[in-house]
Amino acid sequence: MCGIVGYVGTGKATPVILDGLARLEYRGYDSAGIAVIEDGVLKVRRRAGRLAQLVESLKLEPIEGSVGIGHTRWATHGAPSEKNSHPHCDCRGDIAVVHNGIIENYQELKNQLEARGHVFKSETDTEVVAHLLEEEFTQGAPSLVEAARRALPKAKGAYALGLLRRQEPGVLVAARLGSPLIVGLGSGENYVASDVPAILSRTRNIVYLNDGEVIELTPTAWKVTDLNGVPREHPVSRIEWSVDAAEKGGFEKFMLKEIHEQPRVIRETLMGRISADKKSIQLKDMNLSVEELKSLKKMFIVSCGTAFHAGYVGKYLLEHFTNLPVEVDLASEFRYRSPKMDKDTVIFTVTQSGETADTLASVRAAKAKGCKVISICNVVGSSIARESHGVIYTNAGPEIGVASTKAYTAQLTAFCLFTIYYGKLTGSIPDEKAADMIRQLEGIPDKVDEILKDQAHIKALATKYAQAPSWLYLGRKFNFPTALEGALKNKEITYTHAEGFAAGEMKHGPIALIHKEMPILCIAPRGETYEKMTSNIREVGARAGRIICVATRGDADIAGISEDVIYVPETPEEFSPILCVVPLQLLAYYCARARGCDIDKPRNLAKSVTVE
Ligand code: AGP
């Protein structure tokens, strides 16, 4: 989730761009850069690290000009470095590009362009756009905006782009497909940005570009077309948000914004990893050979907190669909017990931050025993990502809320991808089944969207139950970890005691806890353990527990044994954890809100636990 700012006007571009980039800090970044046309020369300055480094450099050596683009990078392809930071240029240094998104077919395009003599300087997907534009000018494109219209249909994936060309000093071009980009209309100057906060101090008059559109801006005019050059009309919207509200996209808290980002995040985690024929999965950062993967005899999934719950779902998936024995362990325990590991053992770690001390220590302990390490991680270039042999990145963007939500569903998505990938590789998942799983997986984001539309019902339930003194969460099989995760979401932001249990475990003690003030959250979607789950629900109901069920839409029976029901769309049970957790995230959120808790920064908690 990078940050883009562009300016064209009669004033100085550099301060406007730097101020805008600073206001996008919540989008996270590991490097930053700017390109400005100064006296007919396209000048580019880039720095790894925080924005301050770039600001300092520009103080020492200013770049003066009235049109420019800037970028803060959240790395997805290529580690954080000056070489990989944006803007990227063509061979001649005439064109500069900043980009947010993923060009899925960049390697194919890069190969074609290199074959035509283009020289690349970075490891990024973005750089191909600069060379594609250069090619269009070689073929006679009359202008930057026309070159963009001709070049962009070749790029597959998602992009929000800011473009400059030395020969067109009074022009700023932008385009979007699948990544956010807005246009700000000022007085004698105009702007583009990834998000409203970047330009709110300059203007409240905003134009929202649609996917597949290109805009050409000058200081006093703007024109939107589609990629065929057909003009597109757009209303000008007036933004009334405060800057703080704008950083949260109009949501009251980052956690709520991130819960609502999940459909997009799941799509972006799938993006570029499903083959064109939708029959196989490609995981390019795996860095283990087919032989190494096929020779695996054992897997340990090791992580902490929410990531541990994701790993637990991963265990159920891998044991259900492959022949690999899988153990899960808390990283804080794993490193102190004596697990039997050798070169045919793989350690799978799951981590949003990539910096959790216990997880990092487990990675090092496993490598010391000759094990391979694969990590599911959200931060490119983080310690755990760097020290793992293979990485599956979750393209969730920075997660600001301490309580993990979008990172969790992205981790589950990554496990679904790996399960299909490994199952096909080892022959345990037939081709037809794999194709069906891929089709079902691609339908998940829309189903999450449907659940989010039911938010008012969940908010009403929170009002009803928020003051409960303690909660139980019950689930079975794939959704036993969902019960653990739902309880964690609740306890960490409402400060209420909440425990997750395997539903079958109730009779072995926990059922003694039930009392009439206690909500029992039962995760009971259709599936192999549905009947067992409903008998557990009846047992609890007989003891006056207040039952709230998460169930499959259309299941009328469940309502007869529950006080309240939250329905989720039908989906194969192996993918149901991604859906069933969303109501639990929202329920915890609205309970915390009703209790007046500090939701984004809960007491005693840190976003990344880098100490043991
Ligand atoms: C979950 O909401 C918490 N933020 C916490 O349990 C977190 O999942 C855990 O600390 C692991 O962090 P990581 O994913 O960055 O390694």
Side-chain angles (χ1 to χ4, degrees), residues 28 253-259 261-262 265 269 301-314 328-335 347-364 373-388 391-415 473 481-496 498-500 577 581-582 584-589 591-592 597-612:
K253 294 291 180 187
F254 278 113
M255 182 179 173
L256 190 58
K257 176 186 178 192
E258 288 155 4
I259 289 171
E261 285 180 338
Q262 291 181 115
V265 163
T269 299
I301 302 178
V302 180
S303 33
C304 304
T306 285
F308 171 73
H309 302 148
Y312 221 130
V313 175
V328 286
D329 208 338
L330 292 166
S332 54
E333 288 298 311
F334 179 77
R335 53 191 295 221
I347 306 303
F348 225 100
T349 74
V350 189
T351 173
Q352 188 284 129
S353 63
E355 301 298 344
T356 300
D358 285 319
T359 309
L360 179 57
S362 301
V363 166
R364 289 170 177 167
V373 177
I374 301 173
S375 290
I376 292 177
C377 185
N378 194 42
V379 182
V380 176
S382 59
S383 304
I384 292 171
R386 282 198 316 272
E387 297 193 26
S388 301
V391 185
I392 304 174
Y393 284 113
T394 50
N395 298 321
E399 188 173 65
I400 311 297
V402 166
S404 187
T405 51
K406 63 176 183 174
Y408 179 68
T409 47
Q411 289 159 358
L412 296 183
T413 305
F415 267 115
Y473 289 70
T482 309
L484 301 177
E485 175 58 13
L488 176 60
K489 287 285 94 51
N490 191 332
K491 73 181 86 170
E492 69 175 331
I493 63 174
T494 71
Y495 315 148
T496 309
E499 268 188 275
V581 76
V582 176
L584 307 187
Q585 295 168 343
L586 287 169
L587 192 57
Y589 176 86
C591 283
C597 297
D598 182 352
I599 295 170
D600 282 339
K601 297 186 179 67
R603 70 185 182 198
N604 310 334
L605 294 180
K607 183 58 189 170
S608 180
V609 183
T610 55
V611 294
E612 296 175 16

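Counting starts at 1 for both ligands and their atoms, in listed order. Computed from a prediction, not measured in an experiment: that's the story for all the values here.
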Testing Thr306, Thr405, Thr494 one by one against Lys489 for a side-chain hydrogen bond (donor to acceptor under 3.5 Å, both in side chains), which residue passes? Thr306
Does NZ belonging to Lys491 count more than 12 external heavy atoms closer than 6.0 Å? yes
Heavy-atom nearest pair, Cys304 first then Thr356, reads SG-CG2, 3.8 Å
For atom 10 (O) of ligand 1, find the nearest protein heavy atom and state the residue, atom name and distance (0.1 Å precision). Val609 CG2, 3.9 Å
Which atoms of ligand 1 have any heavy atom of Ser353 under 4.0 Å away? 13 (P), 15 (O), 16 (O)
Starting from atom 9 (C) of ligand 1, what is the nearest protein heavy atom, named by residue and atom, and what distance separates them? Cys304 O, 3.8 Å
With atoms numbered from 1 as shown, which atoms in ligand 1 lie under 4.0 angstrom from a non-hydrogen atom of Ala307? 8 (O), 14 (O)
Considering only heavy atoms of Thr356, which atoms of ligand 1 have at least one such atom less than 4.0 Å away? 12 (O), 13 (P), 15 (O), 16 (O)
Sequence neighbours excluded, the answer for ring pair (Phe, Tyr, Trp, His ring centres under 6.0 Å) partners of Tyr393 is none
Would you check the N or O atoms of Val402, main chain and side chain alike, for any that come under 3.5 Å of an N or O of ligand 1? yes
Audit row: Thr349, Ser375, side-chain hydrogen bond (donor to acceptor under 3.5 Å, both in side chains) steps and yes/no: CA-CA 5 Å; Thr349 74; Ser375 290; 2.5 Å; yes
Would you call Lys406 and Glu399 a salt bridge, taking side-chain N to carboxylate O under 4.0 Å as the test? no
Short N/O distance, under 3.5 Å, between Lys489 and ligand 1? yes
N/O of Ser404 under 3.5 Å from N/O of ligand 1, yes or no? yes
For atom 3 (C) of ligand 1, the protein heavy atom that lies nearest, with its residue and separation: Glu492 OE1, 3.6 Å
Starting from atom 14 (O) of ligand 1, which protein heavy atom do you reach first, and at what distance in Å? Gln352 N, 2.7 Å
Suppose I only count heavy atoms of Gly305 and a 4.0 Å limit; which atoms of ligand 1 are within that range? 6 (O)
Name all residues meeting the ring pair (Phe, Tyr, Trp, His ring centres under 6.0 Å) criterion together with Tyr473; count only those two or more places apart in sequence or in a different chain, and write none if there are none. none
Identify, by atom number and element, the atoms of ligand 1 in contact range of Ala403, meaning under 4.0 Å from any of its heavy atoms. 2 (O)
Among all protein non-hydrogen atoms, which one is nearest to atom 1 (C) of ligand 1, and what is the separation to 0.1 Å? Thr306 OG1, 2.9 Å
Is Arg335 salt-bridged to Asp358, going by a charged N under 4.0 Å from an acidic O? yes
Any side-chain donor paired with an acceptor under 3.5 Å for Ser382 and Glu355? no
